[in-house]
Amino acid sequence: MNKITVRKATIKDTAGILTLVNFYAKKELMLPRSEDAVIQNLRDFFVAVETAGKKVIGCAALHLYTDRLSEIKSLAVAEEHTGRGLGAKLIKRCLAEAKALGVPKVFALTYAPEFFTKNKFKPSVKELLPQKIWEECRLCPRRNNCAEKCFVYAI
Ligand SMILES: CC(C)(COP(=O)(O)OP(=O)(O)OC[C@H]1O[C@@H](n2cnc3c(N)ncnc32)[C@H](O)[C@@H]1OP(=O)(O)O)[C@@H](O)C(=O)NCCC(=O)NCCS
């Protein structure tokens with residue numbers, strides 16, 4: 001197996017992030033992202049890359065809402081690389097970033113609840129996260145029949 005590095009994203013990773021996220025969005029496992037949205041939020045993103053090929057094989061973003069609240073978004077690992085701990089590595093990197101920034105709470109909305117439980121997140125409800133609802137959920141086409149589960153991690 002090639003060596004894998006998790007690092008901050010750069011502009012050159014944009015296409016790789018879009019490919020990954022929109023692959024799973026087509027399967028309705030996550031929300032689609034436009035190129036503009038990825039670029040405008042690029043400083044939120046971490047990528048996992050194969051050091052040899054520099055191909056993006058995983059990504060995750062830590063988005064800040066307030067001084068106390070952040071969200072892990074756009075978490076995806078390429079199908080052929082799942083089950084090897086890469087998802088957990090990306091989560092750890094986002095949690096380390098939240099800690100370094102001094103933001104005490106990290107949440108995620110997901111269709112993969114077991115994955116977040118394994119990574120020590122606790123179940124919650126998004127009604128406790130008004131910032132998220134105000135900024136994003138109210139604009140989402142699935143806002144009236146959202147099946148995503150909410151998980152929270154206290155730093
Ligand atoms: C969820 C995802 C990021 C996990 O990545 P990964 O690199 O396979 O994760 P890890 O190797 O660290 O952990 C794997 C464990 O998570 C669990 N898991 C992985 N995907 C899961 C899913 N969709 N639902 C529930 N549990 C899942 C598995 O049970 C596995 O446990 P095991 O090793 O005991 O079998 C990856 O499967 C993915 O990109 N899925 C599609 C997009 C998605 O659902 N993203 C999350 C949206 S917030």
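In each ligand, atom 1 is the first atom listed, and ligand 1 is the first ligand listed.
Annotation: atom 25 (C) of ligand 1 to nearest protein heavy atom, E114 OE1, 3.0 Å. At the top of the distance list for atom 46 (C) of ligand 1, counting protein heavy atoms only, stands L75 O, 3.5 Å. The protein heavy-atom contact nearest to atom 48 (S) of ligand 1 is T110 OG1, 3.5 Å. Protein heavy atom nearest atom 37 (O) of ligand 1, with residue, atom name and distance: T82 CG2, 3.7 Å. Of all protein heavy atoms, the one closest to atom 9 (O) of ligand 1 is F115 CE1, 3.3 Å. When only non-hydrogen protein atoms are considered, atom 38 (C) of ligand 1 lies nearest to V77 N, 3.9 Å.
Put simply, atom 32 (P) of ligand 1 has protein non-hydrogen atoms near it, under 4.0 Å away. Put simply, atom 2 (C) of ligand 1 has no protein non-hydrogen atoms near it, under 4.0 Å away.
Using a 4.5 Å cut-off between side-chain heavy atoms of Ile, Leu, Val, Met, Phe, Trp and Tyr, with links allowed through other members, L95 and F46 fall into the same hydrophobic cluster. At a threshold of 4.5 Å between side-chain heavy atoms, the hydrophobic network of Ile, Leu, Val, Met, Phe, Trp and Tyr places M30 and F115 in two separate groups. In the hydrophobic clustering of ILVMFWY residues, with side-chain heavy atoms under 4.5 Å counting as a link, F121 and V152 come out apart.
Under a 4.0 Å criterion applied to the non-hydrogen atoms of R84, ligand 1 contributes the atoms 11 (O). The G85 neighbourhood of ligand 1 comprises atoms 10 (P), 11 (O), 12 (O), with distances under 4.0 Å to a heavy atom of that residue. Per-residue contacts place A88 under 4.0 angstrom from the following atoms of ligand 1 (heavy atoms of the residue considered): 12 (O). The distance from ligand 1 to the heavy atoms of L109 drops below 4.0 Å at these ligand atoms: 48 (S). The contact set between ligand 1 and Y24, taken as ligand atoms under 4.0 Å from a residue heavy atom, comprises 39 (O), 41 (C), 42 (C). Under a 4.0 Å criterion applied to the non-hydrogen atoms of A76, ligand 1 contributes the atoms 39 (O).
Summarising the contacts of atom 8 (O) of ligand 1 with A112, G83, G87, the nearest heavy atom is found in G83. Considering only non-hydrogen atoms, atom 34 (O) of ligand 1 lies nearest to K118 out of K118, K73, K149.
The minimum heavy-atom distance linking L90 with A48 is given by the pair CD2-N, 4.2 Å. Closest of all the heavy-atom pairs between G87 and L75 is O-CD1, 4.3 Å.
Taking the six-membered ring where tryptophan is involved, the planes of F151 and F116 are essentially parallel, since the angle between them stays under 30° and well short of 60°.
A salt bridge is absent between R84 and E50: the closest approach of a Lys/Arg side-chain nitrogen to an acidic carboxylate oxygen does not fall below 4.0 angstrom. A salt bridge does not link R43 to E97: none of the charged side-chain nitrogens sits closer than 4.0 Å to a carboxylate oxygen. Under a 4.0 Å N-O distance rule, the pair K73/E136 qualifies as a salt bridge.
Checking I57, V49, T51 one by one against I4, the side chain to side chain contact (heavy atoms under 4.5 Å, CB included) holds for a single residue, I57.
Taking the six-membered ring where the residue is Trp, the centroids of Y24 and Y111 are separated by 6.0 Å or more.
Distances between N or O atoms of M30 and those of ligand 1 include no value under 3.5 Å.
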